[in-house]
Amino acid sequence: MSKKFSLSKSYEPTESEAPIYRMWLDSGVFHATPDERPPERRYVIMMPLPNVTGALHMGHAMDNSMQDVLIRWHRMLGDNTLWMPGTDHAGIATQAVVEKRLKELEGITRHDVGREGLVERIWAWKDQYQARIISQLQRVGCSCDWERQRFTMDRVCSRAVRHTFFRMFEDGLIFRGQRLVNWDPYLRTSISDDEVYHETVQGFFWTLRYPVMDPLPGEPEYVEVATTRPETMLGDTAVAVHPDPAKALREEMAALDEEIKQCSGREKAELAAEHERLAARERDMLPRLIQLRDMARAGRQVCLPLLDRPMPLICDDWAKPALGTGCVKITPAHDYNDYDVWTRHCEEIDIINILNEDGTLNENAGPYAGLDRYVARDKVVDDLKAQGLLTAVEDRQIEIGHSDRSKTPIEPYLSDQWFIRMGDSPAGVRMGEGTAQAFTAPGLVQAAMDAVNEGRVTFHPERFVKTYLDWLSEKRDWPISRQLWWGHRIPIWSRTVTRAELPSLLADGRLAFVYAQPTEARLRLAIPDAEYSRLVTSPIVPVDLPNSPVDAVLLDVCLIDDDEQYARPLEDAGFCRDEDVLDTWFSSSIWPFSTLGWPDAATAEVEGGAPLAGRDGYPDCLSYYYPGSCLVTARDIITLWVARMVIMGLYNLGDIPFSDVFIHANILDGKGERMSKSKGNGIDPVDIIEVYGADAMRYVLCDMQTGNQDIRLPVTAVCPQCSHHNELAETNHGRSIFTYMCAACNREFDVLGTMPDVPTAKLLSERFLEGRKFCNKLWNTARFALANLEDVPHERVMREDLALEDRWILAALNQAIRQVTAGLADYNPSAAIGAARDFMWNSLCDWYLELIKPRLREPRSPSAGLARQVLAYCLDVVLRLLQPFIPFITEHLYQQLSRQVERRGLPGLTDGAGAELLINSPWPAAVAELDDEALLATFSLLQEITTAIRDVRNSQNIPSTQGLTVTLKPPQQRMLEFSSRGHVIEHLAGVETLAVDPNAPRPRGAASVVVEDIQILVHNVIDDEAERARLLKERQRVQKEIDMFRRKLANENFVARAPAEVVEENRQRLAKYEYQMASIQTDLARLES
RNA sequence: AGGUGCGUAGCUCAGGGGGAGAGCACUUCCUUGACGCGGAAGGGGUCAGCGGUUCAAUUCCGCUCGCACCUACCA
């Protein structure tokens, strides 16, 4: 049987990708297990878990391609390489999608199906999309350890969630608080700041009057306040004025003066105008503000209109004399700033919540109870107007926070929430308790900031450190409750009791039984409003509870798991489990170790898949693979996730979860907006793969990943009904955000296959053509090579035996190996793949292959043998260099190459190390003995000369079949450079007769071009008139250069101050052009004689 | 409002104190035996604008304009 395998004329990715992926899977190469390799030879990436809300789009393809590149590279470097895959339950996003579908397809709400029913449906959704996500990742070629994949709600991860929560509860880091949260009235849940987006809308700015109660003579009858949300006045509990309005105004004007000094022009005028405005306020309003301030100090009250509620005037800095009326209404339960005011005045003023969960007003709104907030707004305005209490209305642009999930405006809403204390604690926080790395940090956030400040975690590009530190430095507590049904339910059972009842309850045998098990249950006793709680470890009632006006205390019991043995007695004793679930980011923040079986990998149950416990005497997965190496993600996740993972890693394990953070570009749609699952503008990478191939897609993604720019990806959808090509960015949506209306036939199509009854369009994007072309070129390079690689010798090679082009291509390959490696090490895939591409295409194909073709035509000659040996080696290295980027085609070609040329390499010069699978082969190393700077320079001169001759051929329309006669006229001292090197020019420029002669005359009909100081005569190709015209044009160009350099060198400053080598370089350039000019002049003179 | 990044060829983007680059697109030529998803050659840019530093600025520093994202806020 012949060893020769044939390749089709062009690359057909669809045929080979699936079997190759299967081959990798079967070989077990993706699977990682602890072994004897030391920590510095381990490489671990935790996949940024895609959420199961929907299918992956190109953004995920980018993220995962980057990870796969790093993973495949490190695998070839010989590291014990683990890429942990998995998916995220994505609480609110997934529940929102499923709820939306319930409504769209069945017309029912979650309340119709109930908590269990809804959760069941979401599990089904999760199963469906998890499977789809995995298959998408596999199509992309991701070499994850599938045997270890995790889901944030599986048993292993859930266990870690409970342990983390338990520890934090025990340490007092988790506490309950009444706080203002961003409330989504549509989904009836709080959402985090990160889930809020701001939108500018046209609104109004109303000025309201509140009557002063029993005004004394000389006192105003009203105070005026302004608002963009008039209905919130129903929740007002005070009106604030500044405690020292005169000083506040003065300070502000002084600040303006400073600024005015420092700037100029138009801005100055604006600042001056602002200054004038403040001065006017000082004249006109200050006395009144001072009077109000005094009234506030005297404890005077105003009356809240419509509800006739008396409320105090108070003094607080928040009221800015420079703004509005100078007075501000205080609505603590519905405004963040007012809430802060309340915390400073909670002894004097009330906090009144006027909203229901669904955005309607509650009983505190009196006659407005039951109305939707916007209906109430209109009615409040009308009623105030009727009473003459509305003094002004102006148009105003307002920024309104919207829920990213439901797209409805959010409301600040007062509710009971669980928080994690992120800031510093007086006694500090024990980090990594129970581990060898345990230490005490000032607080959770501080520990995470220190890790970056001290360089234990580094960002690439580095500038993202700022994003990370800026966000963390606010040290805001993390609200972790979500009023959802899908997620990790908060493991707290609570009961309110009076202080009087407390002793007997604590002594109750059922409760005592539970909290006597400190490893299973922890009890905390909380005084509402006091933000104080203490761990209860014995039935003795603490007598030193702080004084509080509230008689009630709250008992919270945290269970480490749902063991009936403990839950039952609690419930029997009147404790109720919290209804809420944890913020999704809680479980994702522990992903780097929950996946490895923390807190105890040895006993973690894995429900199928690879065990986490140690085997064959090697350590368990957690101790072997933690901490990990690199986190790969987009910049918008830095605050949401990266920071929190660092915090949790330090807290639970005393060590960072990864040392490197690689932030890559985002994929934008044709409009420049980020692709996102919830926006519906994402496209399925599998669509691209089916048209262009996975390697083509990966090639382009890598090539575009340059470290700076986000990537705009215009996409064309081919209408499934009429085949019209629709530019997606310009196409109107259909019934949902995932569907579009064809511009030609006006019928609806889907782009993500989400609507059961709408046909799905094929997607195209021209950007990927480049990748397909590259793959095809590589394919044909290999095809040519394999056609010529029969009986490749594997004999010792002496460098001296190699031909010029052999030594050149090997030196160039050395360079390429270094550049690709450096690009990868620098997190610059574009630079890496660019270097590989330039070598393969511009050096290997365009020059080397052409040069060895004549040698290969004499297959039995030693020269042909050497060429084959070098070619096989180059191809082998190129495939290895490209494997991380385009793994399918390279593996396919490697298999062919291996079958045909079993042993490769140049014995004596390079090693021939290989493996059965390319994915497992060693990463190429440059061979110092093959470096040859001088040869690279010489060769590039030969290339330039060749190009110059080709240019003459092209511009004179000489057919490529016609051999040329060429004379090179180098200066005498350069003659040697052309000995035994002429064949490069001869062969590649189509030269039949080449002479090298410093003194050759220029015959008639010869075109003359100059490269450096070498004149090239191309004989018999041009008539005198044409050559004269060409030379005149050339003279003009060269003269310009000469003028430029002469001017530069005539500048004494330049000659004196510029570095000597720069001056010398310029002198040489001038000399070169002067030489060219002389040559042109001589030629012209001869033509004219 | 503040922060970050970005404005370089028709398009998508590199680069970076000392002669402006790549891919795609474009023009001309070549269906020669790896590849027309190819080869050869070519045209095309006041490096957003204005100042400053420097012998030298597309590159460094200010400011202006435009775009994107992040953070905060305007009662």
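As the structure is a prediction and not an experimental result, all values here were calculated from the model. Order of the sequence lines sets the chain letters (A, B, ...), proteins ahead of strands, with each chain counted from 1.
- Gln956(A) comes within 4.0 angstrom of nothing in the nucleic acid, heavy atoms only.
- Residue contacts shown for Arg783(A) are limited to sugar-phosphate atoms, with no base heavy atom under 4.0 Å away.
- Spacing between atom CG of Leu472(A) and atom C1' of C70(B) amounts to 15 Å, rounded to whole angstrom units.
- Using a 4.5 Å heavy-atom threshold, the side chains of Met704(A) and Arg767(A) count as touching.
- Heavy-atom nearest nucleotides on RNA chain B were determined for Ala319(A) and for Asn957(A), and the one closer to the 5' end corresponds to Asn957(A).
- Between atom CG of residue Asn1066(A) and atom CZ of residue Phe1054(A) there is a gap of 4.0 Å, rounded to the nearest 0.5 Å.
- Annotation: side chain of Phe774(A) is not in contact with side chain of Ile833(A) (no heavy-atom distance under 4.5 Å).
- Residue contacts for Thr781(A): at a heavy-atom cut-off of 4.0 Å it reaches a base atom on one of the strands shown.
- Asp846(A) comes within contact range of the sugar-phosphate backbone alone, with a heavy-atom separation under 4.0 Å but no base atom that close.
- Nearest to the side chain of Trp318(A), among C35(B), C74(B), G3(B), sits C74(B).
- For A14(B), the OP1/OP2 oxygens have no side-chain nitrogen or oxygen of Asn828(A) closer than 4.0 Å.
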Pair Arg1046(A)-Glu1074(A), side-chain contact (heavy atoms from CB on, under 4.5 Å): steps then yes or no: CA-CA 10 Å; Arg1046(A) 280 196 181 145; Glu1074(A) 281 174 334; 2.7 Å; yes
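- Nearest heavy-atom pair, Ala864(A) versus Pro859(A), reported as atom, atom and distance to 0.1 Å: CB-O, 3.8 Å.
- Note: Trp779(A) and Tyr11(A) have tilted aromatic rings, judged against thresholds of 30 and 60 degrees for the angle between ring planes.
- Using C1' as the reference atom, C26(B) and U59(B) are 29 Å apart when rounded to the nearest Å.
- Using a 4.0 Å heavy-atom criterion, one finds that Phe205(A) contacts the sugar-phosphate atoms exclusively.
- With contacts defined as side-chain heavy-atom distances shorter than 4.5 Å, the pair Leu384(A)/Leu208(A) qualifies.
- Residue Asn666(A) is classed as having no contact, given no heavy-atom separation below 4.0 Å to the nucleic acid.
- Only the P atoms considered, U58(B) is 45 Å distant from C74(B), to the nearest whole Å.
- When the P atom of G3(B) is taken as reference, atom CD1 of Ile638(A) falls 18 Å away, rounded to whole Å.
- When the nucleotides C74(B), C37(B), C35(B) are ranked by their closest atom to the side chain of Asn337(A), C74(B) comes out on top.
- Taking side-chain N and O atoms only, Lys777(A) has a distance below 4.0 Å to OP1 or OP2 of G39(B).
- Contact annotation for Ile330(A): no contact, since no heavy-atom pair falls under 4.0 Å across all strands.
- The side-chain heavy atoms of Met233(A) and Pro305(A), taken from C-beta on, include a pair separated by under 4.5 Å.
- Distance noted for atom C1' between C29(B) and C61(B): 50 Å (whole Å).
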Tabulated below should be each protein N or O lying under 3.5 Å from an N or O of nucleotides 41-45 of chain B; please produce it.
from	atom 1	to	atom 2	distance (Å)
A41(B)	OP1	Thr947(A)	OG1	3.4
A41(B)	OP1	Arg950(A)	NH1	3.4
A41(B)	O4'	Asn954(A)	ND2	3.0
A41(B)	O2'	Asp951(A)	OD1	3.4

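- The interatomic distance linking Arg463(A) (CZ) with G5(B) (C1') rounds to 6 Å, in whole Å.
- Within the nucleic acid shown, Pro1059(A) comes within 4.0 Å of at least one base atom, counting heavy atoms only.
- With G19(B), A72(B), C74(B) as the candidates, the nucleotide lying closest to the side chain of Arg476(A) is A72(B).
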List every contact pair, protein side and nucleotides 24-26 of chain B side both N or O, where the distance is under 3.5 Å.
none

Base-pair map of RNA chain B as dot-bracket, where | denotes pairing with a different strand and pairs are Watson-Crick or G-U under 3.5 Å: (((((((..((((....[..)))).(((((.......))))).....(((((..]....))))))))))))....
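- Looking at heavy-atom distances under 4.0 Å, Cys845(A) makes contact with a base.
- Distance check on atom C1': G66(B) versus A72(B) gives 23 Å, rounded to whole Å.
- Per the geometry, CG belonging to Asp470(A) stands 12 Å off P belonging to G5(B), to the nearest Å.
- Lys1040(A) comes within contact range of no nucleotide atom at all, as no heavy-atom separation falls under 4.0 Å.
- By the 30° and 60° cut-offs, the orientation of the rings of Phe1045(A) relative to Tyr1073(A) is parallel.
- Counting only N and O atoms by type, the side chains of Asn182(A) and Tyr336(A) include a donor and acceptor under 3.5 Å apart.
- For Tyr1073(A) against G19(B), a side-chain-to-base donor-acceptor contact under 3.5 Å is present.
- The side chain of Asn776(A) lies closest to C37(B) when the candidates are C69(B), G18(B), C37(B).
- Judged by a 6.0 Å distance limit and a 45° cone about the ring axis, Lys853(A) is positioned over the six-membered ring of Phe784(A).
- Look at Thr706(A) and you'll find a side-chain N or O under 4.0 angstrom from OP1 or OP2 of A14(B).
- Leu789(A) has its side chain within reach of Leu897(A): a pair of non-hydrogen atoms, C-beta onward, lies under 4.5 Å apart.
- Salt bridge annotation for Arg229(A)-Asp335(A): present, with a cationic side-chain nitrogen under 4.0 angstrom from a carboxylate oxygen.
- Comparing C11(B) with G16(B), their P atoms are spaced 23 Å from each other, to the whole Å.
- Among the atoms of the strands shown, only primed sugar atoms or phosphate atoms (P, OP1, OP2) are found under 4.0 Å from some heavy atom of Lys466(A).
- Residue-to-nucleotide proximity on RNA chain B shows that, of Ser960(A) and Val225(A), the 5′-proximal contact is made by Ser960(A).
- Rounded to an integer number of Å, the gap from CZ of Phe464(A) to C1' of C6(B) is 12 Å.
- Here G19(B) presents its P atom at 7 Å from CZ of Phe1045(A), a figure rounded to the nearest Å.
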Stepwise salt bridge (charged side-chain N to carboxylate O under 4.0 Å, His left out) check, Glu1034(A) with Arg1037(A): CA-CA 5 Å; Glu1034(A) 188 68 359; Arg1037(A) 183 184 71 85; 2.8 Å; yes
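- Atom P of nucleotide G18(B) and atom CD of Glu1061(A) are separated by 13 Å, given to the nearest angstrom.
- Taking atom CZ on Arg857(A) and atom P on U32(B), their separation rounds to 14 Å, with Å as the unit.
- Straight-line distance between the P atoms of G19(B) and A57(B): roughly 11 Å, to the nearest whole Å.
- Nucleotides G62(B) and C69(B), compared at atom C1', are 24 Å apart to the nearest Å.
- For Lys9(A) against C35(B), a side-chain-to-base donor-acceptor contact under 3.5 Å is absent.
- Residue contacts shown for Arg767(A) are limited to sugar-phosphate atoms, with no base heavy atom under 4.0 Å away.
- If you take atom C1' in G43(B) and the same atom in C37(B), they sit 24 Å apart, rounded to whole Å.
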